[in-house]
Amino acid sequence: MTWVLDAEIHLDAMGLGDAIKDKDKASTQDYAKALIFLRHHLDEGLKIEYLTVKDPFVLWNGLKERYDNLKLVTLPQARYDWAYLRLQDFKSISEYNSAMFRITSRLKLCGDNISDYDMLEKRLQRFMLPIWSYNNSTERKASQSTLS
C-alpha cells in the first residue's frame, strides 16, 4: 500500500499522474513515461505477469484490483493493535508513541481515520492508568490499615 502512495506521488511530481487516473488527459509521451516508471518499479514476477500490458492506466488498475484486498487484511489487524495498545507493553514512552503513530498510519492507509480526540484519549490513558493504579493501591492500603 505504501508503494501505491509513493508511485502516485512520484507520477504526480513528474506530471504523469493523469496517465493512471484519467485516460483521456495524458499524451502518448506521458503514457510511455508512466509505463516505464511503473514497470521499472515492479517486482520481476509482476513484470513478467504484466508483460503484454502497454497501457499504464490498465496496468495501474490491474495492480489496484489485485492488491486492494490487502486493506481487508491490514485493517482488522490495525484495529486490533489500536484497541490493545498499552503503555505497559513498551520499554519507553517514545517506543509507545512510535507504535501508536505506526498503527494510526496503517489505519489511515486503509481509510479508517483516527481522530485527534481518539489519539488524545489514548495518550491520556497511558498517564491516567498509573495514577488510577496508585490511587487504588493507596486506598486499599488505607482501608486495610483501618480494618487491622
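Position 1 is the first residue of the sequence, and the numbers go up from there.
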Is the shortest side-chain heavy-atom distance between Val53 and Arg39 below 4.5 Å? no

Modelled atom types, side-chain donor and acceptor of Gln77 and Asp81, under 3.5 Å: yes

Kindly compute the distance separating CD1 (Ile9) from CG (Asp12), expressed to the nearest 0.5 Å. 8.0 Å

Between CG of Leu46 and CG of Leu63, what distance do you get to the nearest 0.5 Å? 6.5 Å

Just verifying a value: how many Å separate Thr104 OG1 and Arg102 CZ, rounded to the nearest 0.5 Å? 10.0 Å

Closest non-hydrogen contact found for Leu42 with Lys47 is O-CE, 3.5 Å

Can you name the nearest heavy-atom pair linking Leu85 to Ala99, along with the distance? CD1-CB, 4.2 Å

Passes side chain to side chain contact (heavy atoms under 4.5 Å, CB included), Met100 versus Trp82? Steps please. CA-CA 7 Å; Met100 181 170 41; Trp82 177 256; 3.5 Å; yes

Under-4.0 Å salt bridge between Arg86 and Asp89: yes

About how many Å separate CD1 of Ile114 and CG of Leu107, when rounded to the nearest 0.5 Å? 4.5 Å

Could you tell me whether Arg66 and Glu49 make a salt bridge, using a distance below 4.0 angstrom between a side-chain N and a carboxylate O? yes

Is any side-chain heavy atom of Glu8 less than 4.5 Å from a side-chain heavy atom of Ile20? yes

Of all the heavy-atom pairs spanning Pro56 and Ala19, show the shortest one and how long it is. CG-O, 4.0 Å

Quick check on Lys64: does its NZ atom have over 12 non-hydrogen neighbours (other residues, nucleotides or ligands) under 6.0 Å away? no

Could you state whether Ile36 and Leu38 fall into the same hydrophobic cluster, counting links through intermediate Ile, Leu, Val, Met, Phe, Trp or Tyr residues with side-chain heavy atoms under 4.5 angstrom apart? no

Do Leu11 and Asp18 come close enough that some side-chain heavy atom pair is under 4.5 Å? no

Where do Ala7 and Trp60 come nearest, in terms of heavy atoms and distance? CB-CZ3, 3.8 Å

Residue pair Lys21 / Phe57, side-chain heavy-atom distance below 4.5 Å: no

Nearest-0.5 Å distance, CG of residue Leu35 to OH of residue Tyr31: 10.5 Å

Check for me, please, whether Tyr80 and Tyr96 land in the same ILVMFWY cluster - side-chain distances under 4.5 Å, paths through other members count. no

Decide yes or no for Lys33 and Phe37: does some side-chain heavy atom of the first lie under 4.5 Å from some side-chain heavy atom of the second? no

Are Asp112 and Leu75 packed together at the side-chain level, in the sense that at least one heavy-atom pair is separated by less than 4.5 angstrom? yes

What is the distance from atom CD1 of Ile103 to atom NZ of Lys108, rounded to the nearest 0.5 Å? 13.0 Å

